[in-house]
Amino acid sequence: MDHDMNILVIESSPHKKGSSNLLAENFVTGAEEAGHQVEIFDSARADLHPCLGCGACGMSAPCFQKDDMEILRELILKTDMMVFVTPLYYFGMSAQLKTKIHKY
C-alpha cells in the first residue's frame, strides 16, 4: 500500500440525508478502512460568502470576509486529495459547491 493520505471530502448537498451524502459516507468508510485520514467539510451548511473579486486576498491570503472559507482553506492546504460531492441540478454542480470553488 502507498502512504496513507489525508483526504478532504467536500459535501455540498442541501439535503443532509440525500443520495450524494450517502455516496460520500460510503467513500469515507472505504477510505478509512484503507488507512487514510478523512475530513468532511459540509459546504451546504457552512457560513461562506461568494467571492467579491475585490483582490484584498491577493489570490493567496485569507479572505477579508472572515467566514468559514479560512477553515476550508486550511483543510485544503493540508490535504493530499479532495473529493467533491454534489447533486446535479440543471446539468451542473450545486450552487453550494460553486460558491466554494469560485471563492478558493
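Along the sequence shown, the residues carry numbers beginning at 1.
More than 12 heavy atoms of other residues, nucleotides or ligands shown are found within 6.0 angstrom of CD on E32.
In terms of modelled atom types and a separation under 3.5 Å, the side chain of N6 and the main chain of D80 share no donor-acceptor contact. Of the possible donor and acceptor atoms, none in the side chain of R73 sits under 3.5 Å from a partner among the backbone N and O of C63.
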Side chain to side chain contact (heavy atoms under 4.5 Å, CB included) between M69 and L72, worked out: CA-CA 5 Å; M69 190 61 206; L72 179 56; 4.0 Å; yes
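Side-chain contacts under 4.5 Å among hydrophobic residues (ILVMFWY), followed directly or transitively, place F64 together with L52.
To the nearest 0.5 Å, atoms NZ (K17) and CD (E25) are separated by 8.0 Å. Considering CG of D47 and CG of D67, their distance stands at 5.5 Å, rounded to 0.5 Å. The distance from atom CD of Q65 to atom SG of C51, rounded to the nearest 0.5 Å, is 7.5 Å. If you take OG1 on T79 and CD1 on I76, they are separated by 8.5 Å, rounding to the nearest 0.5 Å.
Both V85 and F27 are assigned to one and the same hydrophobic cluster, defined by single-linkage of ILVMFWY side chains at heavy-atom distances under 4.5 Å.
For S43 and S12, the side-chain atoms include no donor-acceptor pair closer than 3.5 Å.
Minimum interatomic distance between K16 and D42 (heavy atoms only, all atoms of both residues): NZ-OD2, 3.3 Å. For the residue pair G35 and D4, the shortest heavy atom distance occurs at O-CG, 3.0 Å. The minimum heavy-atom distance linking F41 with D68 is given by the pair CZ-O, 4.2 Å. Smallest separation of non-hydrogen atoms from M5 and M81: CE-CE, 3.3 Å. The minimum heavy-atom distance between I10 and M82, with the atom names listed, is CD1-SD, 4.2 Å. Scanning both residues, H36 and I7, for their nearest heavy atoms gives CB-CD1, 3.8 Å.
Remark: E39 engages K78 in a salt bridge, criterion side-chain N to carboxylate O under 4.0 Å.
With L75 as the fixed residue, the side chain to side chain contact (heavy atoms under 4.5 Å, CB included) test singles out one of V9, I40, L8: L8.
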